[in-house]
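Only this structure's heavy atoms are used, side chains among them; waters, hydrogens and symmetry mates stay out.
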Amino acid sequence: PDQGLDLGSDALCVTEGPNGLIWMSSNNGRILAVDHKAGLIHEISSPLLEHQIFELSFMADGTLWFRNNKPGYSILDLSDWTLRVMGSREGPFTGFPIVSIEDHKGLIWMTTMQGALILDRDDKKLYRLTPEEGLTDRRIFNIYEDERKRMWICHSLGIDILNTERDSVEFLGADSVLRGLSEVYGVTQASTGKYWIGSGNGLLFAYNESGNTFEKYDTTSENGILFEVIEDPQGQIWTVDVRRGMYMVDQSSGQPANLDTSDGLDFDRVWATVVDNSGKVWLGTEQGIAVYNPATQVVKFMTEEEGLAANYTYSLKKDSQGRIWASGNRRGISIIDPVKGEVRKIISESDLNGLGIGTLFEWNDGIVMGSFEGGVAWYDPESGSSKVVVDSLLTDRITDFATDKDNNLYIATNGDGIWVLDSDTGERKRLTTENALVSEDVMSLRTDSQGKLWVAGLKGVQRIDLEKQEISLFTKEQ
């Protein structure tokens with residue numbers, strides 16, 4: 001206000017107009033045009049302007065369009081500064097208008113709570129788009145035309161994308177790719193080709209249409225309305241929260257914080273992960289295997305239709321040849337060669353004497369397998385031969401394997417501690433709470449480069465020095 005910028009209320013929109021003027025709209029119907037070169041501030045006010053002006057849209061014919069509260073839209077002719085109001089409470093503009101834009105054909109698209117309006121000024125015709133004409137919802141908040149001349153119609157259920165020919169509609173919503181979404185208030189296409197989408201619950205989405213994937217950014221504003229989304233010359237994405245201010249995302253460094261169904265997975269519960277030799281991340285789920293490429297941020301899926309022995313994947317292991325082994329069901333094992341794109345199946349009934357296989361581990365030039373029946377089998381993938389290494393343990397819940405420098409096999413169990421199998425004699429001994437462990441519920445095993453065994457269980461993490469017989473415990477207190 002000390003410099004003359006007194007809107008008398010909150011500023012709702014700031015944009016650059018013709019001749020370099022900076023235009024600002026307010027919550028109470030006032031508009032300012034700032035000529036920063038001349039040091040002048042022009043105020044546009046009228047009894048006809050009395051409420052929130054969310055958006056200022058400059059049209060090709062030299063007019064400025066914005067909503068009013070009659071309801072309807074106001075049109076300011078910049079050539080003679082005359083103001084006209086289009087609409088009435090009983091007319092086609094009923095239902096809280098918000099935004100107007102001009103498409104590449106010169107048609108004016110306007111949003112209302114009763115659908116989208118399209119004004120053809122040449123033919124002097126007004127058209128309406130509602131669910132009766134193919135839209136998913138009638139409460140329209142914003143409209144955007146992308147580089148392909150498609151119209152993105154933002155509404156309370158998601159986005160309707162009207163194709164270039166204007167004869168078909170594609171819907172994006174919370175039940176498709178925009179999981180977690182609550183209403184869409186803004187969208188823009190960035191220089192990277194991604195579509196940035198602002199929601200009504202504080203979530204900002206970056207949608208990669210070609211890969212059908214997206215990133216989700218949480219602004220921590222649970223009830224935030226991200227109405228305006230723009231890209232600056234440095235490639236940073238800015239969004240305006242109507243209630244809390246502005247947020248910025250640097251596209252060069254911004255990454256999704258997590259990967260779940262909202263990022264393209266078919267299922268949230270992930271049981272196993274492994275990284276292949278090309279850097280792709282493999283995720284085992286109850287619905288199959290998801291393969292995530294961090295470079296392209298694309299998720300691809302493998303199921304029984306692509307050759308898996310079974311969809312349910314509890315365990316994923318990479319062998320010394322770079323192949324991915326998938327197991328965790330009673331039907332069989334899948335061996336996947338990511339380079340050749342080949343899938344080989346080992347069927348439990350015919351190849352493994354009916355054993356259901358949980359977790360896997362490469363050992364003695366083959367693969368050792370923990371069965372659901374409590375035993376351990378060894379399998380040679382080259383010859384297809386198999387043999388039983390341990391016929392039975394005290395538990396059928398084998399969770400992981402590891403080896404030491406002498407190639408002895410450590411078998412982790414959930415409830416029975418760790419069994420140690422001597423690779424030369426076949427003798428076995430057991431690590432329990434009586435001689436080594438803080439808990440007999442062991443979920444994971446790893447041997448580090450120094451030969452120390454790391455044990456993860458329900459009561460913390462232990463490091464066991466097998467040479468010195470020393471044990472260290474790590475819990476929340478440590």
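Within the model, atoms CG of Leu473 and CG of Leu437 stand 10.5 Å from one another, a figure rounded to the nearest 0.5 Å. Here the straight-line distance linking atom OG1 of Thr403 with atom CD of Glu362 works out to 10.0 Å at 0.5 Å rounding. Atom OG in Ser315 sits 8.0 Å away from atom CG in Asp400 (nearest 0.5 Å).
Listed for the Asp123 side chain is no donor-acceptor partner under 3.5 Å among the backbone atoms of Lys125. Between the side chain of Thr164 and the main chain of Arg148, a donor-acceptor pair closer than 3.5 Å is present. Side chain of Asp77 to main chain of Trp81: no donor-acceptor pair is present (N/O by atom type, distance under 3.5 Å, no hydrogens or angles). Judged by distance alone, with hydrogens and angles left aside, the side-chain atoms of Glu304 form a donor-acceptor pair with the main-chain N or O of Asn311 at under 3.5 Å. No donor-acceptor pair closer than 3.5 Å links the side chain of Ser25 to the backbone N or O of Ile31. The backbone N or O of Cys154 lies less than 3.5 Å from no partner atom in the side chain of Tyr144, so there is not a single donor-acceptor pair.
For an aromatic pair to be called close, the ring centres must be under 6.0 Å apart, and Tyr292 with Trp282 fails this. If you look at Trp196 and Tyr207, their ring centroids are not closer than 6.0 Å.
Side-chain N/O atoms of Gln114 and Thr112 include no donor and acceptor closer than 3.5 Å. Thr63 and Trp65 are linked by a side-chain donor-acceptor pair at a separation below 3.5 angstrom, with hydrogens and angles left out of the test. No side-chain donor-acceptor contact under 3.5 Å links Thr188 and Glu231. Under 3.5 Å, the side chains of Ser168 and Asn163 contain a donor-acceptor pair of N or O atoms. Asp137 and Ser156 form a side-chain donor-acceptor contact under 3.5 Å, judged by distance and modelled atom types alone. Defined by atom type and a distance below 3.5 Å, a donor-acceptor pair is missing between the side-chain atoms of Asp120 and Tyr127.
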Please test Lys345 against Glu306 for salt bridge (Lys or Arg N to Asp or Glu O under 4.0 Å), starting from the C-alpha separation and ending with a verdict. CA-CA 11 Å; Lys345 291 187 288 188; Glu306 286 73 40; over 6 Å; no
Would Lys194 and Glu215 satisfy salt bridge (Lys or Arg N to Asp or Glu O under 4.0 Å), going step by step from the backbone distance to the final call? CA-CA 10 Å; Lys194 292 180 181 178; Glu215 304 161 25; 2.7 Å; yes
In sequence, state the C-alpha distance, the side-chain angles, and the governing distance for Arg139 and Glu183, and then conclude on salt bridge (Lys or Arg N to Asp or Glu O under 4.0 Å). CA-CA 10 Å; Arg139 293 170 293 173; Glu183 305 178 333; 5.2 Å; no
Check step by step if salt bridge (Lys or Arg N to Asp or Glu O under 4.0 Å) holds for Asp319 and Arg323. CA-CA 6 Å; Asp319 67 18; Arg323 296 174 299 190; 2.7 Å; yes
Take Phe361 and Trp325 through the test ring-ring contact (aromatic ring centres under 6.0 Å, His included) and record every step on the way to the result. CA-CA 9 Å; Phe361 186 74; Trp325 291 64; over 10 Å; no
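Within the 4.5 Å cutoff, the side chain of Leu64 has heavy atoms near those of the Trp23 side chain. Contact check for Met151 versus Ile101: side-chain heavy atoms found under the 4.5 Å cut-off. Using a 4.5 Å heavy-atom threshold, the side chains of Glu16 and Leu21 count as separate.
Every residue two or more places apart in sequence or in another chain that forms a side chain to side chain contact (heavy atoms under 4.5 Å, CB included) with Asp441 is listed here: Asn414, Ser439, Leu458. In this structure Glu102 satisfies the salt bridge (charged side-chain N to carboxylate O under 4.0 Å, His left out) test together with Arg121, sequence neighbours excluded.
More than 12 heavy-atom neighbours from other residues, nucleotides or ligands sit within 6.0 angstrom of NZ on Lys317.
Ring pair His155/Phe171 is parallel by interplanar angle, where below 30° counts as parallel and above 60° as perpendicular.
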